[in-house]
Structure formats: structure tokens, C-alpha cells
Q: 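Handing you a structure now.
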Amino acid sequence: MCLAVPGQIVEAHEVSGMRMGTVRFGGITREANLDFVPEAQCGDYVIVHVGFAISRLDAEEAERTLRLFEEMGALADAAGEDDG
Amino acid sequence: MKYVDEYRDPAPARRLIEEIRRTATRPWVLMEICGGQTHTLVKYGIEELLDGAVELVHGPGCPVCVTPLEIVDKAIAIAAIPQTIFVSYGDMLRVPGSHSDLFRVKAGGGDVRIAYSPMDALRLARENPRRRVVFFAVGFETTAPANAMAAWQAKREGLRNFSMLVSHVLVPPAIRLLLDSNLSRVEGFIAPGHVCTVMGYEEYEELAARYLVPFVVGGFEPLDLLEAIRMLVRQLEEGRAQVENAYARSVTRGGNLAARQRMMEVFEVADRNWRGIGPIAQSGFRLRAEYAEFDAEKVFGVEAISAPEPPECISALVLQGLKKPVDCPVFGTRCTPATPMGAPMVSSEGACAAYYQYRRHIAPAGAQV
Ligand code: SF4
């Protein structure tokens with residue numbers, strides 16, 4: 001039930017005063033309420049939980065974390081400790 | 001899928017595992033609080049891959065598991081009333097109450113429906129003005145803003161046939177209870193990433209300072225969790241007890257202000273009973289007085305229902321990380337996902353169900369993630 005998954009906003013519109021968006025998750029799309037992520041634009045990725053976007057994913061932070069994992073790999077390689 | 005696949009990549013996972021094994025000088029006891037994280041950890045066999053570098057114990061963060069028996073009984077009582085439509089997240093339907101469950105009410109002719117979002121329940125209320133629609137509003141802080149929005153919107157639209165059976169719980173009071181108990185062996189916590197997405201992590205800074213235990217906010221993919229474990233082990237080895245964030249792509253220190261604001265407009269903090277654990281002061285939400293007309297307990301007069309817990313199920317100990325599901329005498333025999341005796345066997349986020357589903361298929365230590 002607590003499941004919350006990342007998806008990409010492909011379109012945004014208003015329904016009775018609420019900001020709604022079509023969000024694509026892999027192959028499927030779903031409507032999500034965007035009232036809690038007023039800063040999120042089309043093309044942005046959001047985390048969606050029970051029909052509500054609860055955060056806009058920070059692309060820079062995501063890159064930074066992935067780079068950290070890469071660097072850890074490079075260090076391990078340099079030390080000859082990569083057990084591949 | 002972006003933001004999913006790259007956090008399941010086996011190569012960095014192996015390096016994180018190496019790094020954790022290299023750093024840990026003793027098997028630190030770590031607790032993940034959230035059931036979604038339990039699911040990932042057990043599914044990928046992460047504890048086995050770490051080969052004794054840490055011991056993982058599973059926390060109370062499955063909303064299905066901690067929803068108290070009397071609330072399930074109240075749900076069953078309301079759902080059985082003719083002309084009501086009872087709307088619930090799917091995994092609450094099989095949770096055993098004292099004598100029945102919502103599935104049996106449905107099989108017996110009750111109009112019980114599964115919803116993906118509380119907004120589905122609102123739509124049903126609009127479409128069925130002659131019927132009373134009740135939404136089963138359970139969950140942690142992650143779900144509270146969405147459920148709050150449903151009540152807020154119902155009030156704004158003047159929907160008179162909509163109400164909510166509310167059983168909302170909060171994570172920090174449960175952690176405080178664990179840390180106050182002298183039975184707890186937990187030395188570090190993976191803080192729940194989606195709870196913190198909403199709430200931020202200032203509350204965890206207070207806990208870290210008061211109890212001198214480290215917290216690292218973790219996400220839900222294998223690399224997110226390995227990174228959180230790596231950061232926790234490093235803190236413990238260095239004798240630090242701080243709050244760090246391994247899920248910065250979604251979590252900020254202040255959380256989601258718009259969501260928190262809507263949540264606090266509709267709900268207020270109240271004492272709550274936790275299934276398997278008992279009452280915890282100021283550990284959940286109830287509807288504010290301004291929203292009393294949407295409180296299903298008042299609307300249907302079921303406030304007085306109470307229920308004692310069955311004796312066989314050791315979920316109290318499982319939910320506090322004091323026992324593993326496999327320590328339960330009826331695990332996998334009398335208690336299975338098809339015949340659950342306790343709530344942790346019902347939801348895929350429950351520790352017992354996760355063990356039942358994956359424990360027999362885990363790869364041996366050192367295998368690929
Ligand atoms: S295996 Fe079943 S009976 Fe045992 S603790 Fe888990 S839910 Fe309760």
C-alpha cells in the first residue's frame with residue numbers, strides 16, 4: 001500500500017480546481033494529482049503514491065548519487081579489488 | 001525505467017557490498033522501519049549478500065500490519081450496513097478482524113470496493129448520491145496528505161454522503177517507543193524514504209541527538225538501501241549518530257510543505273492504538289473537529305467497538321524487531337498468505353509475507369544482486 005513509484009509527467013490540466021497530470025510509468029500512463037508538487041512541469045519525474053505526486057525528483061541529486069557509485073567502482077578498480 | 005533500473009545495477013551493488021563488508025568491524029544491528037524497504041531487502045536477499053556484516057531487523061512500518069483489530073472490526077461493521085459503499089486500499093481486505101474480514105463481508109453481499117486512490121472514493125460518492133460512501137483512511141505520513149485531500153475536497157464540494165474511517169499512524173513515536181524499551185538491540189535506523197519525502201527529517205535529528213543512534217534516510221531500490229547501510233555502518237564505525245540522506249533525489253530536510261500543510265489542515269495528532277504493540281501516545285492522526293461530519297466512527301456510531309488480540313500471533317515481537325517471522329511457531333504452517341493469522345502475513349509489505357514469499361528463493365551469499 002505504501003508503494004510509491006517514479007513516473008514522468010507527460011501532460012498537465014485542471015479538474016475542478018485541482019491540478020492533475022498524466023504520468024507515464026514505463027509502458028502505462030495514469031492520472032495523478034499534482035497539487036502537492038506545484039513546481040513540477042511537463043517532462044519532470046515525480047514520485048506518485050495513491051494517485052498523488054508527493055515529490056518532484058531532483059535530477060541533479062540523482063546524478064550525483066549515481067556518480068558516487070561510479071567513483072566507488074573506479075576506486076575499487078584502481079585498488080585491484082574489483083571482484084567483478 | 002528511469003530512476004528505477006539504474007538503482008538495480010548489479011556492478012555498483014557488488015562494490016557497495018564490498019565496501020560495507022570492508023568497513024564493518026562487527027555485525028551492527030540495523031532496522032529498516034518501512035515495510036516497502038523490508039520487501040526490497042528480503043526480495044534481493046541483501047542481508048545474505050552482506051554475509052554477516054550487519055544484521056537487519058524489520059520494523060513496524062507496514063500500515064496494514066499495525067492497523068488495530070478494533071478498527072478492522074469497525075470497518076467490517078460499517079461495510080455490512082445496507083446501502084453503504086465501503087472503499088479500501090486492496091490489501092486491507094484480507095486483514096483478519098476478530099471474527100471476519102472485509103472479503104467475507106463482500107462475499108456475503110456487502111458493497112466493498114478496492115480503490116487505488118482516495119479520490120476514487122470521492123468519485124463514487126459523487127456518482128451515488130443516495131448511498132453512503134466510506135473510505136478506509138489508513139496509512140503512515142506518506143498517505144496522510146492524499147487522504148487529507150479527499151476530506152478537504154469533500155468539504156469544499158459539500159459532499160454529504162462521504163466519510164472516512166481514519167486510522168493514521170506516525171513513525172517517530174513508534175521509534176521512540178522502541179528506543180525507550182531496554183529490549184531493543186537496534187544500533188542504527190534506515191529512515192523511511194517516502195515518509196520523509198512528505199515530512200522531511202528534522203524529527204529524526206531530534207531522535208538521533210536524544211538516543212545517540214544514527215539515521216540514514218533510504219530509498220526503495222537495492223542500491224538505495226545498500227548506500228543507506230554503507231552510510232550507517234560508516235557512522236557507527238566512526239562513533240557518530242547523525243541524520244544523513246541517501247535518498248536526496250526525493251527527500252529534502254523540510255519535506256513537502258504543500259502536502260504537510262493540507263495534512264495539518266484536516267488532521268490533528270492524537271493517541272493511537274497499534275496492532276500488536278498497543279496504545280502509543282500522540283502516535284497518529286484523527287480528523288479535526290471542523291471535519292467531524294466526515295468521521296465515519298461518528299456517522300455510524302461505531303466508536304465503542306473494541307477487540308482483544310488473538311494469542312498465537314507473535315506479530316508484536318516481529319513488528320518491534322525482537323523476533324523474526326521464522327521464529328513464529330505457526331509461520332508457514334497454520335499461518336500463510338492464503339490463511340493469514342496476523343496482519344504481517346497479509347500485505348506484501350508485512351515482514352511475515354515477505355519472508356514467506358522470498359525466503360525460499362534467496363541466492364546464496366556472494367551471488368549477483
Ligand atoms: S507468521 Fe502469522 S501468526 Fe506468526 S507472527 Fe507472522 S502473522 Fe503472526
Side-chain angles (χ1 to χ4, degrees), chain A residues 1-8 15-20 24-28 30-40 43-77 79 81-84, chain B residues 1-4 6-7 9 11-16 18-19 22 34-36 61-64 89-92 115-120 138-140 142-143 145-147 149 153 156-157 192-195 197-198 220 223-224 227 246-252 256 258-259 262 347-349 366:
Chain A
M1 193 204 100
C2 257
L3 197 70
V5 283
Q8 187 175 30
V15 180
S16 54
M18 289 184 289
R19 189 161 170 253
M20 301 296 293
R24 189 191 297 132
F25 307 90
I28 62 160
R30 242 183 164 148
E31 285 284 282
N33 184 302
L34 303 179
D35 276 341
F36 297 145
V37 288
E39 74 285 8
D44 283 347
Y45 280 79
V46 286
I47 296 267
V48 177
H49 173 67
V50 299
F52 286 76
I54 55 170
S55 70
R56 183 181 72 91
L57 282 170
D58 185 328
E60 269 173 44
E61 285 292 352
E63 283 305 316
R64 212 178 53 82
T65 313
L66 290 171
R67 240 188 351 259
L68 192 94
F69 295 150
E70 288 289 315
E71 282 161 18
M72 199 181 301
L75 281 177
D77 286 343
E81 286 173 1
D82 182 20
D83 63 355
Chain B
M1 228 159 79
K2 195 166 160 61
Y3 295 115
V4 175
E6 61 262 49
Y7 294 91
D9 187 350
R14 274 197 298 275
R15 285 172 192 131
L16 284 164
E18 273 303 306
E19 175 74 13
R22 198 169 28 230
C34 170
C62 160
V64 177
Y89 296 121
D91 34 11
M92 291 305 296
Y116 157 72
S117 167
M119 299 320 243
D120 299 339
V138 297
F140 280 92
T142 318
T143 318
N147 290 349
M149 185 68 105
Q153 186 69 19
R156 199 168 73 153
E157 291 178 26
H194 289 143
V195 166
T197 293
V198 171
F220 294 81
L223 290 188
D224 291 320
E227 172 66 352
Y247 194 38
R249 66 183 182 280
S250 179
V251 175
T252 58
N256 184 326
R262 181 57 32 90
S347 163
S348 64
E349 292 158 33

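In what follows, every heavy atom counts, from backbone to side chain, and hydrogens, waters and symmetry copies are set aside. A note on names: the letters A, B, ... follow the listed sequences, proteins ahead of strands, and every chain is numbered from 1.
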Q: Between A:A32 and chain B, with a heavy-atom cut-off of 4.5 Å, which part of the residue counts as in contact: side chain, backbone, both or neither?
A: neither
Q: If you count heavy-atom pairs under 4.5 Å between each of B:E19, B:E157, B:Q153 and chain A, which one has the most?
A: B:Q153
Q: Establish, for the pair B:R249 and B:Y7, whether the NZ or CZ atom is under 6.0 angstrom from the six-membered ring centre and no further than 45 degrees off its axis.
A: yes
Q: May I ask you to check if A:R30 and B:Y116 form a cation-pi contact, with NZ or CZ under 6.0 angstrom from the six-membered ring centre and within 45° of the axis?
A: yes
Q: Examine distances only and state if a side-chain atom of B:D9 and a backbone atom of B:P12 form a donor-acceptor pair shorter than 3.5 Å.
A: no
Q: Can you sort out the partners of A:R19 under salt bridge (charged side-chain N to carboxylate O under 4.0 Å, His left out), two or more places apart, ordered by chain and number?
A: none
Q: Report which part of A:F52 has an atom under 4.5 Å of a heavy atom belonging to chain B: side chain, backbone, both, or neither.
A: side chain
Q: Relative to chain B, which segment of A:I47 carries a heavy atom at a distance below 4.5 Å: side chain, backbone, both, or neither?
A: side chain
Q: B:C62, B:P118, B:S117: which one forms the most heavy-atom pairs within less than 4.5 Å of chain A?
A: B:S117
Q: Tell me which of these, A:R64, A:E60, A:R56, A:M18, has more heavy-atom pairs under 4.5 Å with chain B than the rest.
A: A:M18
Q: Less than 4.5 Å to any heavy atom of chain B: does that hold for the side chain of A:V48, its backbone, both, or neither?
A: side chain
Q: Side chain, backbone, both or neither: which part of B:A248 has a non-hydrogen atom closer than 4.5 Å to chain A?
A: both
Q: Listed by chain and number, what are the salt bridge (charged side-chain N to carboxylate O under 4.0 Å, His left out) partners of B:E6, not counting sequence neighbours?
A: none
Q: Backbone N or O of B:S347 within a donor-acceptor pair of the B:D91 side chain at under 3.5 Å?
A: no
